[in-house]
Amino acid sequence: MTVGVGVIGTGMIGTQHVHRLSRAVMGSSVAAVFDVATDRAAALAQEVGARAAGSWSELVEDPQVDAVLIASPGDLHAEQVLACLAAGKPVLCEKPLATTADDALKVVQAEAAGGRRLIQVGFMRRYDAGFRDVKAAIDGGVIGEPLLAHAVHRNPGVPDTFVGEMSLTDSLVHEFDTFRWLFGQEITATTVVKVRQSPLGAAHLRDPQIVLLELANGAVVDAESFVNCQYGYDVRCEIVGSTVTVALDNPRTTMVLGEGRRGESVPPDWGVRFGQAYADELQEWIGALAGGATIAHGASDAWDGYAASVVAETAVASFAQHARTEVQLVDRPALYDREAGR
Ligand code: NAP
């Protein structure tokens, strides 16, 4: 069976996903695309033999579209995901699930009312080989009791449309999902620590920042966001266990030795660092759908997307109030019963 996918949003990551689905992922084809930038969508549709839909809602209703991939701006995600639910179609929504906790909750409640998990959220680190190794070390008891973690998430720069809160809601939201998943625990409180600002970033960025995350079992994570670090895309972490410490480094490609120095390159951007993880995420999603499931095993679901959005909103409040702020989640609907952040 070939799964016909409709893609909403053909900007940076949407275009990459269209190329993966049409060229690299087995068992999928791109049936339709939509973007408000209609010329770009039409050119991409022609390139991959898809239809350029007249609107995103028309794409969702298209009978050739078996499943929807949402790669539009984050503030549109909740409305578009809800339309997919209403149409009964599986949907892979790029992160964040929603830009407010209220909108994310509406999505969870609508899915729970339908009694079927159709929503997968694009937290692709769960498909990264390095992060999976770290998860296996924790789950396999290799490090003893996981106690704390240090994390960095640095981008060389960001566009002007990236504003202060987005460090938390759009960038560190990856860490919020990652550490819920790695520790199998909900995050219960956040404290955002104001850091001396880099003179090189835009004034509105409040960059860098550090967030302390408290987990339900008492473990603590410190996560640095620096979206204007200049030198490359750098995502690393170290998990400290009671007997062993496990560290995730950048994948090593080339080592350069010369002039008394030994050095390696840093990935230039997220597309390079996590390219394989995006491909594996799409392949596992399509494989699951072809096999009759509605989301891939182990993927971030709507509950995970909701929890990450609540943590992000709590961190924004913590920054504004210069105070530790507790995370308030609603009771988890039975549809999502399983270990937190699975
Ligand atoms: P982008 O380059 O700005 O692409 C978004 C596209 O959606 C643009 O072409 C935009 O058009 C279009 N758009 C605007 N309104 C729309 C509508 N009503 N319906 C359909 N399309 C619409 O942004 P991006 O970097 O690709 O990010 C897209 C999403 O993916 C964001 O949620 C982002 O957080 C997420 N993302 C995730 C990762 C990851 O690591 N998982 C990485 C990158 C991005 P205009 O430009 O004309 O507004």
Side-chain angles (χ1 to χ4, degrees), residues 74 93 95-105 107-108 119-126 128 131 134-135 138-139 143 145-153 165-195 208-225 235-241 246 248 298-333 336-342:
C93 178
K95 60 83 192 164
L97 176 61
T99 46
T100 69
D102 279 351
D103 278 352
L105 180 58
V107 171
V108 162
I119 303 165
Q120 186 167 322
V121 181
F123 286 120
M124 76 301 171
R125 291 185 187 176
R126 295 184 182 213
D128 177 69
F131 275 109
V134 172
K135 173 80 172 151
I138 294 173
D139 290 353
I143 70 169
E145 290 297 318
L147 304 174
L148 61 96
H150 310 286
V152 296
H153 184 160
E165 282 73 18
M166 289 178 78
S167 295
L168 302 166
T169 60
D170 206 70
S171 184
L172 278 181
V173 74
H174 277 294
E175 272 67 22
F176 304 155
D177 181 70
T178 298
F179 289 98
R180 289 180 63 253
W181 170 65
L182 286 177
F183 281 79
Q185 298 285 316
E186 293 294 1
I187 296 167
T188 54
T190 70
T191 308
V192 179
V193 180
K194 199 173 172 187
V195 180
Q209 293 184 41
I210 289 182
V211 185
L212 298 179
L213 304 173
E214 295 170 44
L215 286 94
N217 67 353
V220 172
V221 179
D222 62 80
E224 171 202 312
S225 163
V235 168
R236 288 174 285 127
C237 67
E238 183 179 53
I239 319 288
V240 180
V246 59
L248 176 87
S300 292
D301 63 15
W303 177 261
D304 297 313
Y306 161 73
S309 291
V310 176
V311 174
E313 202 163 277
T314 308
V316 170
S318 169
F319 184 86
Q321 295 160 14
H322 307 289
R324 174 183 179 276
T325 311
E326 295 197 354
V327 175
Q328 308 284 348
L329 297 176
V330 298
D331 289 341
R332 190 172 58 209
Y336 308 104
D337 272 353
R338 56 185 161 71
E339 202 181 331
R342 179 197 62 178

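In this text the structure is predicted, and so the values were computed from the model without any measurement.
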Step-by-step side chain to side chain contact (heavy atoms under 4.5 Å, CB included) determination, R236 to V152 | CA-CA 5 Å; R236 288 174 285 127; V152 296; 3.9 Å; yes
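- Minimum heavy-atom separation, G305 to F123: CA-CE1, 4.3 Å.
- The distance from the CD atom of E326 to the OG1 atom of T191 is 9.5 Å, given to the nearest 0.5 Å.
- Summarising the geometry of A323 relative to S318, their closest heavy-atom pair is O-OG, 2.7 Å, with the distance given to 0.1 Å.
- Using a distance-only test at 3.5 Å, with no hydrogens or angles considered, a donor-acceptor pair links the side chain of T188 to the main chain of E214.
- Taking CG of L97 as the start and CG of D177 as the end, the distance is 11.0 Å to the nearest 0.5 Å.
- When all heavy atoms are compared, the tightest approach of L172 to A223 is CD2-CB, 4.1 Å.
- Side chains of V316 and T169 form a contact here, defined as non-hydrogen atoms less than 4.5 Å apart.
- Here the CG atom belonging to D128 is positioned 14.5 Å from the NZ atom belonging to K135, to the nearest 0.5 angstrom.
- The main-chain N or O of A302 is never found under 3.5 Å from a side-chain atom of Y336 such that the two would form a donor-acceptor pair.
- Residues passing the side chain to side chain contact (heavy atoms under 4.5 Å, CB included) test with V327, sequence neighbours excluded: I187, T190, V310, V311, T314, L329.
- Distance check, rounded to the nearest 0.5 Å: CG of L105 to OH of Y306 gives 5.0 Å.
- Residues E175 and R125 meet the side-chain proximity criterion, which asks for heavy atoms closer than 4.5 Å.
- A donor-acceptor contact shorter than 3.5 Å is absent between the side chain of K194 and the backbone of Q209.
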Under the side chain to side chain contact (heavy atoms under 4.5 Å, CB included) criterion, do V211 and V193 qualify, and how do the steps go?
-> CA-CA 6 Å; V211 185; V193 180; over 6 Å; no
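- Side-chain atoms of Q185 never come within 3.5 Å of backbone atoms of R180 as a donor-acceptor pair (strictly under, hydrogens ignored).
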Under the side chain to side chain contact (heavy atoms under 4.5 Å, CB included) rule, what do F176 and L213 come out as? Steps first, then yes or no, please.
-> CA-CA 8 Å; F176 304 155; L213 304 173; 3.8 Å; yes
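- You'll find the side chain of E186 stays beyond 4.5 Å of the side chain of L215, heavy atoms only.
- At least one side-chain heavy atom of I119 sits under 4.5 Å from a side-chain heavy atom of V107.
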With side chain to side chain contact (heavy atoms under 4.5 Å, CB included) as the test, would you mind laying out the steps for F131 and C237 before giving the verdict?
-> CA-CA 9 Å; F131 275 109; C237 67; 4.0 Å; yes
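- Expressed to the nearest 0.5 Å, how far OG1 of T325 lies from CD of E313 amounts to 11.5 Å.
- Between I138 and I239 there is a side-chain heavy-atom pair separated by less than 4.5 Å.
- Two residues are said to be in side-chain contact when any heavy atoms from C-beta on lie closer than 4.5 Å; S300 and R126 meet this criterion.
- Looking at V108 and W303, their side chains come closer than 4.5 Å, going by heavy atoms from C-beta outward.
- Contact of the E145 side chain with the L147 side chain is registered, since non-hydrogen atoms from C-beta on lie closer than 4.5 Å.
- Nearest approach of G74 to P96, heavy atoms of both residues: CA-CD, 4.2 Å.
- Rounding to the nearest 0.5 Å gives a distance of 5.5 Å between CG of D337 and CZ of R332.
- Ring geometry, H153 versus H174: the interplanar angle falls from 30° to 60°, so the pair is classed tilted.
- Scanning all heavy atoms of the two residues, the minimum distance from A98 to S309 falls at O-OG, 3.2 Å.
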